[in-house]
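Shown next, in structure tokens, is the structure this report addresses.
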Amino acid sequence: MIELNDVGRAFKVKRAVVHAVRDLSFTVAPGEFVGYLGPNGAGKSTTIKMLCGILTPTSGRVRVAGLDPSRRRTTLARRIGVVFGQRTTLWWDLPLGDSFDLIRLLYKVDRKVFRVRLDELTQTLDLGGFLRTPVRQLSLGQRMRGDLAAALLHAPDVLVLDEPTIGLDVVSKASIRTFLRRLNAEQGTTVLLTTHDLGDIERLCRRVMVIDHGRLGFDGTLDDLMATAPEHSSIEDVVTALYTGTG
Amino acid sequence: MVRTYALLAWTWTRAAMAYPASFAIMTVLGLAVAGMDVAVILIVFANTTTLAGFSRDETLFLYGTANLAFCLCDMFVSNIDRISQHIKAGTLDTMLIRPVSPWLQLAADRFLPTRIGRIAQAAVVLGYALSALDLDPGRLWMVPVMIACGIVIFTALWTLAGALQFVLVDAPEVTSAFTYGTGQLTQYPFSIYGRELVRGVTYVLPLAFVNWQPALYVLDRDDPFGTPEFMRFLGPVAALVLALLAALAWRQGLRHYRSTGS
Ligand SMILES: Nc1ncnc2c1ncn2[C@@H]1O[C@H](COP(=O)(O)OP(=O)(O)O)[C@@H](O)[C@H]1O
Ligand SMILES: [Mg+2]
């Protein structure tokens, strides 16, 4: 479903060149739920942006659902759902429900299919109370649930989420985790999620990838991850050890 | 594509209609500001019968054709020039994840229906000029052609201005000087400008083909700058070349888009 081969992305900043991602290779099979971990500035968001075609890689090959994202961006858009925790994909000044209507138009989702999906999402994400509220007046947790619904209205095969639980309270986090787990289990949607919240990883991800300084440092199951630093027992300590290179 | 645009525009129109009073005030204000342009032309002609060889009604014809094309683009395309704001706010990223061209989404973003007042004003001025001037009916076919070319040229200019902002993220004003400046420039007979400037806007930025060159044909006049007759008909070619350039620049801009660091 997702395939990266020796992918690199550099940014020229003044005179210097920043390699946000380098020699990155991994594949994600359909139906997998993968956690993508890394300290700030590791290259997580850059990877996500290359997956949805926002950024063109400077080297290597990216395939998502068999498509080259930067060349076939608009075709891929129908098959991928994207959520940015730090910014909304909704229309700030419009009521949440109007944003959904616009998305229906942009993705050309059939009206009947749309109704059914929206009802389903409204129920599972508990959106009923604020469909008429302008997005800018929503709480972070409400907005995040709205964003999730927006990313799924066109029934994508792949969902990528960049820090979807950032800044949320425990209740909101729990409801989003439950939702994502069910989505993956029941609809078979492939999910790739970046996070700093190790609770997300423990509860959701069968597979974990760790990136640091643009390079993949670990790729395996959660158990494998714990085994990299047997002297530590909490996932926090294991990940810290991995980041700081003492593990 | 037109349908998608219309639906996006309609969403913003509905949002604007939520405040009917401000909607009405904005429309009237737009009309009034546009009326000032005409007032300036009328004041000039209160003291003289010709402006650089052109009568009042001929000048109004030039004004009407250029302004109709310009105001249509101002309403339907000009929102492109807010792209640097979208780049900085990260909203361009969200447009790029949709299955619709970001150009279309940008053009329709915050569509302002109140600009209709200015379009109406330009249409009225053009209508007046057409009825006041005793034009050769055999040459009138050029009027819709020149307006269409004007629309393509201004759309291309706005697109170029947008593409430029991928590089000049921090200086969007530079590019709006370019679009609004050209809109102003084409309101008057080119014979009031210096030869060098007119050369520039004929051969470099083909603004002369928005109205000046084809209008010389419609008005059956010789070019005071002495360009050959066939230039009157080059509007579609100039528009096409500029549109191609703009499309290329836009593609390059998008391909080299770097988003923003987290
Ligand atoms: N648009 C950009 N321009 C310049 N540098 C960037 C840009 N985007 C990201 N970077 C740099 O690339 C590196 C990786 O960034 P990012 O992928 O956002 O990291 P993460 O999401 O893991 O925190 C950082 O050093 C960041 O400063
Ligand atoms: Mg990030």
Side-chain angles (χ1 to χ4, degrees), chain A residues 9-13 18 20 40-46 48-56 69-71 73-95 98-99 101-109 134 147 150-151 154 156 160 162-163 194, chain B residues 1-19 22-23 79 82-83 85-113 166-167 169-170 250-262:
Chain A
R9 171 71 212 206
F11 293 102
K12 285 202 194 70
V13 184
V18 176
N40 288 326
K44 303 182 296 296
S45 299
T46 303
I48 300 264
K49 286 173 189 168
M50 289 192 289
L51 292 181
C52 46
I54 294 174
L55 288 174
T56 309
S70 68
R71 290 190 181 280
R73 198 189 63 244
T74 45
T75 313
L76 177 63
R78 297 183 183 284
R79 314 226 5 221
I80 191 171
V82 188
V83 173
F84 297 111
Q86 316 241 26
R87 60 177 65 121
T88 183
T89 59
L90 303 164
W91 284 262
W92 207 240
D93 299 311
L94 299 178
D98 286 15
S99 274
D101 286 338
L102 274 177
I103 285 167
R104 183 183 80 75
L105 299 170
L106 292 178
Y107 287 87
K108 298 197 168 66
V109 182
D147 257 304
H154 62 293
V160 293
D162 195 1
E163 303 191 25
T194 83
Chain B
M1 193 167 135
V2 172
R3 204 180 111 85
T4 309
Y5 186 100
L7 291 165
L8 284 169
W10 175 238
T11 304
W12 290 108
T13 306
R14 261 192 341 216
M17 296 290 195
Y19 308 93
S22 107
F23 177 81
N79 298 323
R82 275 203 305 268
I83 185 171
Q85 275 165 259
H86 288 288
I87 292 175
K88 284 187 225 164
T91 34
L92 186 60
D93 284 4
T94 68
M95 291 181 185
L96 287 169
I97 64 171
R98 311 259 180 245
V100 171
S101 120
W103 187 90
L104 199 78
Q105 294 182 65
L106 282 162
D109 188 64
R110 290 169 191 283
F111 175 81
L112 260 188
F166 280 109
V167 189
V169 184
D170 296 314
W250 181 259
R251 281 180 67 101
Q252 280 303 310
L254 265 189
R255 226 177 143 66
H256 293 279
Y257 173 56
R258 31 193 294 165
S259 185
T260 47
S262 42

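To find a chain, count down the sequence lines: A is the first, B the second, and so on, and within it residues start at 1.
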Original post:
Distance from A:Leu102 atom CG to B:Arg98 atom CZ, nearest 0.5 Å?
Top reply: 9.0 Å
Original post:
Going from CG on A:Asp93 to CH2 on B:Trp12, what distance comes out if it is rounded to the nearest 0.5 angstrom?
Top reply: 5.5 Å
Original post:
So which part of A:Thr75 gets closer than 4.5 Å to some heavy atom of chain B, the side chain, the backbone, both or neither?
Top reply: neither
**OP:** For each of A:Glu163, A:Arg71, A:His154, A:Lys108, tally heavy-atom pairs with chain B at distances under 4.5 Å, and name the one with the top tally.
**Re:** A:Arg71
Original post:
Side chain, backbone, both or neither: which part of A:Trp91 has a heavy atom under 4.5 Å from chain B?
Top reply: side chain
**OP:** Rounded to the nearest 0.5 Å, what's the gap from CZ on B:Arg3 to CG on A:Leu105? Could you check?
**Re:** 7.0 Å
**OP:** Under 4.5 Å heavy-atom distance to chain B, tell me which part of A:Leu76 shows up: side chain, backbone, both or neither.
**Re:** neither
Original post:
Where is the tightest heavy-atom contact between A:Ile54 and B:Ser259, given as atom of each residue plus distance?
Top reply: CG2-CB, 4.4 Å
Subject >> Sidechain-backbone polar pair: A:Arg87 side chain, B:Thr94 backbone, donor-acceptor under 3.5 Å >> reply: no
Original post:
If you measure from CZ on A:Phe84 to CD1 on B:Ile97, what distance do you get to the nearest 0.5 Å?
Top reply: 5.5 Å
Original post:
Between CG of B:Leu96 and OG1 of A:Thr89, what distance do you get to the nearest 0.5 Å?
Top reply: 12.5 Å
**OP:** Pick one of side chain, backbone, both or neither for B:Leu8, based on which atoms fall under 4.5 Å of a heavy atom in chain A.
**Re:** both
**OP:** Ignoring hydrogens and angles, tell me if any N or O in the side chain of A:Lys49 forms a donor-acceptor pair with the backbone of B:Arg258 under 3.5 Å.
**Re:** no
**OP:** List the steps, then state whether side chain to side chain contact (heavy atoms under 4.5 Å, CB included) holds for B:Thr4 with A:Leu106.
**Re:** CA-CA 7 Å; B:Thr4 309; A:Leu106 292 178; 3.8 Å; yes
Original post:
Given the rule in the side chain to side chain contact (heavy atoms under 4.5 Å, CB included) test, do A:Arg104 and B:Leu7 qualify, once you have shown the distances and angles that lead to the verdict?
Top reply: CA-CA 11 Å; A:Arg104 183 183 80 75; B:Leu7 291 165; over 6 Å; no
Subject >> Spacing of B:Asp93 atom CG and A:Ile48 atom CD1 [to the nearest 0.5 Å] >> reply: 12.0 Å
